[in-house]
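See below for the structure under consideration.
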Amino acid sequence: MKIEELVKHNLSRLNDTDLIVWRYIYAHLEECCYISIYDLADACHVSRTTVMRFAKKLGFDGFSDLKAVLKMEYAKPHDKPTQTIAEATTALCQAIGEEIAKQDFERVNRLMHRARRVFVFASGLVQRNIANELTRLFLQMNQYLYTIYGPDEFRITMENATPEDLFVIISLSGESDRVVDFAKTLHAKGVPLISMTRLQSNSLARLSTENLYVTPRALPVASKRPYESTLAFFLMVEIWFVSYTQFLAEQDGDSEDT
């Protein structure tokens, strides 16, 4: 979802001060691809906290994430250094990894560790591949994840689900009717839910106990048709796994100390 669409989607949450920030950004799109939060706050005659709050109301973790999306949408090609496709792809992978590594996995790790059972539901074929990788990795830590393959299986599982269980739902948009319906059912029963979606405001994320966000990027392929890489989702799964191994090691260390 583009910045303009995010603003329209969250318009009811924005106050007059937020709209001052947005109007400045909209009037200076290219400039704001590289502006600092301090300069933007000065230009709008608001506080840095106001700018940060505006970014979070749009669904971003912070202003730097908002600015990264601005760059992808509005930075002119000549503003970027010339790179080969291989160099651009390598830089893209690094940027994605650094962005994901900034997320705090502490709360999702605690949910995973406390859960009696963990169920994973993927909303499509690509998401199912991500779910399979998640299941494969966590199995190495003796953490078994039960994959749910369809709506009928989900409903059967829900009959016996309790707040001691945990669900992970992987969805690109977080807006499909089926996914939102599942999330509402879990929310009503008080069953913890971790969502994994694109970095955008979405219904699934709002219904979830915890959220993991990724920002898929377009790869510089030599084609008229853009290709959006799903690498961010797979990196998210791997970084979460590494974080969880560290979390378990710290838990074991605390147990030995006591």
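As a basis for the values below, the full set of heavy atoms in this structure was taken, side chains included, without hydrogen atoms, waters or symmetry mates.
Using a 4.5 Å cut-off between side-chain heavy atoms of Ile, Leu, Val, Met, Phe, Trp and Tyr, with links allowed through other members, L134 and M141 fall into the same hydrophobic cluster. Linking Ile, Leu, Val, Met, Phe, Trp and Tyr residues whenever their side-chain heavy atoms come within less than 4.5 Å leaves I148 and L207 in two separate clusters. Note on V242 and F138: same hydrophobic cluster, where clusters join Ile, Leu, Val, Met, Phe, Trp and Tyr whose side-chain heavy atoms are under 4.5 Å apart, directly or indirectly. Under the 4.5 Å side-chain heavy-atom criterion for Ile, Leu, Val, Met, Phe, Trp and Tyr, V120 and V237 are members of the same hydrophobic cluster. In terms of hydrophobic clustering, with Ile, Leu, Val, Met, Phe, Trp and Tyr side chains grouped at heavy-atom distances under 4.5 Å, V214 and Y244 are assigned to a common cluster.
Put simply, NZ on K8 and CG on L14 are 13.0 Å apart, with the number rounded to the nearest 0.5 Å. The OG1 atom of T209 sits 11.0 Å away from atom CZ of R107, with the distance rounded to the nearest 0.5 Å. Between the CG atom in L111 and the CG atom in D165 there is a gap of 12.0 Å [rounded to 0.5 Å]. Rounded to the nearest 0.5 angstrom, L137 CG and Q143 CD are separated by 12.5 Å. Distance check: E31 CD to L29 CG gives 10.0 Å after rounding to the nearest 0.5 Å. Rounding to the nearest 0.5 Å gives a distance of 7.0 Å between CG of L145 and OG1 of T147.
The side-chain heavy atoms of N202 and Y213, taken from C-beta on, include a pair separated by under 4.5 Å. Using a 4.5 Å cut-off on side-chain heavy atoms (C-beta onward), F60 and L6 make contact. A heavy-atom distance below 4.5 Å is not found between the side chains of F167 and V118. The closest side-chain heavy-atom distance from I194 to N211 is not below 4.5 Å. Side-chain contact between M236 and L212: present, with at least one pair of heavy atoms (C-beta onward) separated by less than 4.5 Å. A 4.5 Å side-chain heavy-atom check between N109 and W240 finds at least one atom pair inside the cut-off. Between S123 and L172 there is no side-chain heavy-atom pair separated by less than 4.5 Å. With contacts defined as side-chain heavy-atom distances shorter than 4.5 Å, the pair I25/L40 qualifies.
Taking the ring centroids of W22 and Y26, they lie under the 6.0 Å cut-off. If you look at F182 and F121, their ring centroids are closer than 6.0 Å. A centroid separation of 6.0 Å or more is found between the aromatic rings of Y144 and F119.
Residues satisfying the ring pair (Phe, Tyr, Trp, His ring centres under 6.0 Å) criterion with F63, sequence neighbours excluded, are absent altogether. The ring pair (Phe, Tyr, Trp, His ring centres under 6.0 Å) check on Y38 picks up nothing, with sequence neighbours excluded.
The closest donor-acceptor contact from the side chain of K189 to the backbone of A161 lies under 3.5 Å. The backbone N or O of A122 lies less than 3.5 Å from no partner atom in the side chain of R128, so there is not a single donor-acceptor pair. No donor-acceptor distance shorter than 3.5 angstrom exists from the side chain of N160 to the backbone of T157, with no hydrogens or angles considered. For S243 (side chain) and I239 (main-chain N/O), no donor-acceptor pair under 3.5 Å exists by modelled atom type. Under the 3.5 Å distance criterion, the side-chain polar atoms of D18 are matched with a main-chain donor or acceptor of N15.
Annotation for V108 and E210: closest pair CG1-CB, 3.7 Å, computed over non-hydrogen atoms. Considering all non-hydrogen atoms of both residues, I3 and L70 come closest at CG1-CD2, 4.0 Å. Across every non-hydrogen atom of R48 and A41, the tightest pair is N-CB, 3.9 Å. Annotation for L193 and I169: closest pair CD1-CG1, 3.6 Å, computed over non-hydrogen atoms. Between G174 and T197, the closest heavy-atom pair is CA-CG2, 4.2 Å. The two residues K71 and C33 come nearest to each other via the heavy atoms CE-O, 2.8 Å.
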* To do: Quick one: do R110 and E106 satisfy salt bridge (charged side-chain N to carboxylate O under 4.0 Å, His left out)? Show the steps, please.
  => CA-CA 6 Å; R110 290 193 179 280; E106 176 73 18; 2.8 Å; yes
* Asked: Please walk me through it: do R116 and T162 pass side chain to side chain contact (heavy atoms under 4.5 Å, CB included)?
  -> CA-CA 9 Å; R116 178 172 62 98; T162 73; 3.5 Å; yes
* To do: Please test S36 against D39 for side chain to side chain donor-acceptor pair (under 3.5 Å), starting from the C-alpha separation and ending with a verdict.
  => CA-CA 5 Å; S36 71; D39 290 340; 3.3 Å; yes
* Run the numbers on Q127 and F233 for side chain to side chain contact (heavy atoms under 4.5 Å, CB included), then give the verdict. => CA-CA 9 Å; Q127 298 90 316; F233 282 93; over 6 Å; no
* To do: Would you check, one step at a time, whether the test side chain to side chain contact (heavy atoms under 4.5 Å, CB included) holds for V46 with Y24?
  => CA-CA 12 Å; V46 299; Y24 183 89; over 6 Å; no
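The number of heavy atoms from other shown groups lying within 6.0 Å of CZ (R178) does not exceed 12. K184 NZ: 12 or fewer foreign heavy atoms inside a 6.0 Å radius. Under a cut-off of 6.0 angstrom, the local environment of NZ in K57 is crowded, with over 12 non-hydrogen atoms contributed by other residues, nucleotides or ligands. By the 6.0 Å contact criterion, CG on D177 is open, its count of non-hydrogen atoms from other residues, nucleotides or ligands being 12 or less.
No side-chain donor from either of Y146 and E153 sits under 3.5 Å from a side-chain acceptor of the other.
Using a cut-off of 4.0 Å between Lys/Arg side-chain N and Asp/Glu carboxylate O, R136 and E133 are scored as salt-bridged.
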